[in-house]
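A short write-up of the structure that comes next.
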Amino acid sequence: MTAGDLGRFDVVVVGAGTGGLCVAIEAAAAGASVLVVDKLTDVGGMLHIANGEFSGAGTRRQAARGIDDTPERHFDDVMRLSHGKADRDLVWQTVRAQGDTVDWLESEGFDFDPATPGLVHGHEVYSVPRTYWGVEFGRSVLRVLRRRLDDAVRSGSVRLLLGTRIRSAVLDDGRVTGVAGTGSDGREVVAYGDAVVLATGGYDANPALRNEFLPPGCEDAIVACLDHATGDGLAMAVEIGADVSRDGFFIPVMGLIPDPGRSGFAVDYREAFLEFAPAYRTPYEIWVNRDGGRFVAEDGTSPEHRERALLRQPGLALHVVWDRAIAETAEPLIRNGAGDWTRERMLSECASDRWIVAADTLRELAERLGVDAAALTETVERYNAAVRAGHDPEHGRTTLPMPIETPPFYGITSIAASLLSRDGLRVNGDLAVLDREGAPIPGLFAVGEVLGNNVFAGDNYVGGMSVTPAMTLGRLLGARLAADRPAAGQEVP
Ligand SMILES: Cc1cc2nc3c(=O)[nH]c(=O)nc-3n(C[C@H](O)[C@H](O)[C@H](O)COP(=O)(O)OP(=O)(O)OC[C@H]3O[C@@H](n4cnc5c(N)ncnc54)[C@H](O)[C@@H]3O)c2cc1C
């Protein structure tokens, strides 16, 4: 072994996020020697910021609450919500085992929110309650995975190497036999494995790469994920001939606030987002586009409908407009997972000039927001008339609590956001990465967001169908790679 040579393992996992940790935990539990490499100094990947909502059917938790559900029903829901565009084979492979993942988390002491399983209104809803989350969201999932990883590291079955960025695959006669990269001290490292698993996550924090996949007109979407999602695994695999999906599906996440200090990126979701789901907060405000017009009923119950409406607006931007009387009456528009946005905090935010613009007249507000002033004034007049009439002939909004007429007036801009990658590496049912002829690249596997979320959600969002396939297929892959590993002394086929 030369300096920088980390040795040979049964399984080398690149990426210690949701999917990679699950591969490592199960492979190690089944007796494999595993190396886990991550470029960051901590494990967990997107679980640090994610809601961590996961879904699974036929679970013990559902049964205990009298909820009748099956993987078949989950599958039908996924195909319905994805408009038939998700990958049937991979969806079935994951949903039939997602209930086991939920039960496994439970047996590992997962701190379920008592309200789960529930129906979640941030995306189109499932037909039965089958979505779960922890009291600390993604960090609750991470707590379980971290504990299992630590056990495996202590027992010697997993070696964990942090601060090491993998840059390329090592090839031997067309087979991937290892990976090479740069360690935290700047030294080159190489590690060999009978199987190499790319679990490097998505590419959304790399807007140039992301924009290569987004359909035309979506380049203005702001980034709402953590910085590690730069598409490294995708680029690495493409370099050696891997095929990549290019489905052109994009549906934004709404409610993210552009970060004034970082162009093109959103304010951290853990700190603040705008609550637009009427199931969680009664809307008192209106939303206008840059032309100063409303474009959708702000109280519509279909997330998909409003997300698609936003996609048609200039700059993918909407501006929420309200007034002092609403600020003193409504629940805070800004939320976060910690639940610490009180009305008082919201009122002081209104006066801070950080994200929210305040003005004594609608004309001045429009100018500060970059919105057509005459049109905004007319829009507010028409909306106020609708409130008085109790009827919104333009958009059919039925929640019409108060007119917008008491200065100061407030506005905040929100831009459509991308937070998980829609396209990714093509794989077969064994999660082997396929080349551009459709043949598996020997020795190379992939799991998690590096596959692209279109595989599990088509052209929509489907509850839990990013975190749960990463965990579930990761666990199955880890167990299978351990079971399939060549016996000592046997040649790798
Ligand atoms: C705000 C937000 C909320 C979300 N909420 C949900 C939700 O409620 N439900 C849901 O299903 N999904 C949700 N998602 C999406 C979900 O969290 C991710 O799709 C999923 O966690 C991705 O898991 P992963 O293992 O593929 O990648 P990640 O968890 O991103 O892990 C990838 C790891 O690979 C490492 N890495 C990358 N490149 C290299 C390299 N070159 N060398 C070494 N290491 C590397 C990274 O450092 C990282 O640790 C959310 C996402 C965001 C941003």
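In each ligand, atom 1 is the first atom listed, and ligand 1 is the first ligand listed. As the structure is a prediction and not an experimental result, all values here were calculated from the model. Start at 1 with the first residue, then count along the sequence.
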Using a 4.0 Å heavy-atom cut-off, say whether [X] meets ligand 1 through its side chain, its backbone, both or neither.
X	answer
Met465	backbone
Asp232	side chain
Thr230	neither
Leu419	both
Ala224	backbone

Does ligand 1 have any atom that is closer than 4.0 Å to a heavy atom of [X]?
X	answer
Ala199	yes
Gly233	no
Thr164	yes

Short N or O distance, [X] and ligand 1, threshold 3.5 Å exclusive:
X	result
Gly20	no
Ala470	no
Gly19	yes
Met236	no
Glu449	yes
Met46	yes
Tyr269	no

Cys225 SG to Phe265 CZ distance, which is reported to the nearest 0.5 Å: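 The distance works out to 7.5 Å.
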Distance in Å, Gln93 CD paired with Leu476 CG, rounded so as to fall on 0.5 Å steps: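 With rounding to 0.5 Å, CD (Gln93) is 6.5 Å from CG (Leu476).
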Judged on heavy-atom distance to atom 7 (C) of ligand 1, which of His228, Glu53, Met471 sits nearest?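 Considering heavy atoms of His228, Glu53, Met471, the nearest to atom 7 (C) of ligand 1 sits in Glu53.
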Measure the distance from atom 20 (C) of ligand 1 to every protein heavy atom, then report the residue, atom name and distance (to 0.1 Å) of the closest one.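 Among all protein heavy atoms, the one nearest atom 20 (C) of ligand 1 is Thr18 OG1, 3.7 Å.
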Is there a side-chain contact between Val467 and Glu53 in this structure, where contact means two heavy atoms from C-beta onward sitting under 4.5 Å apart?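 Answer no - side chains too far apart.
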Please confirm whether Tyr132 and Phe110 have ring centers closer than 6.0 angstrom.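 Centroid distance Tyr132-Phe110: not below 6.0 Å, so no.
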Does NZ or CZ of Arg308 fall inside the cone over Tyr461's six-membered ring, less than 6.0 Å from its centre and within 45° of the axis?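 No, a cation-pi geometry is absent between Arg308 and Tyr461.
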Using a strict cut-off of less than 4.0 Å between a Lys/Arg side-chain nitrogen and an Asp/Glu carboxylate oxygen, indicate whether Asp340 and Arg345 qualify as a salt bridge.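 Between Arg345 and Asp340 there is a salt bridge, with a charged N closer than 4.0 Å to a carboxylate O.
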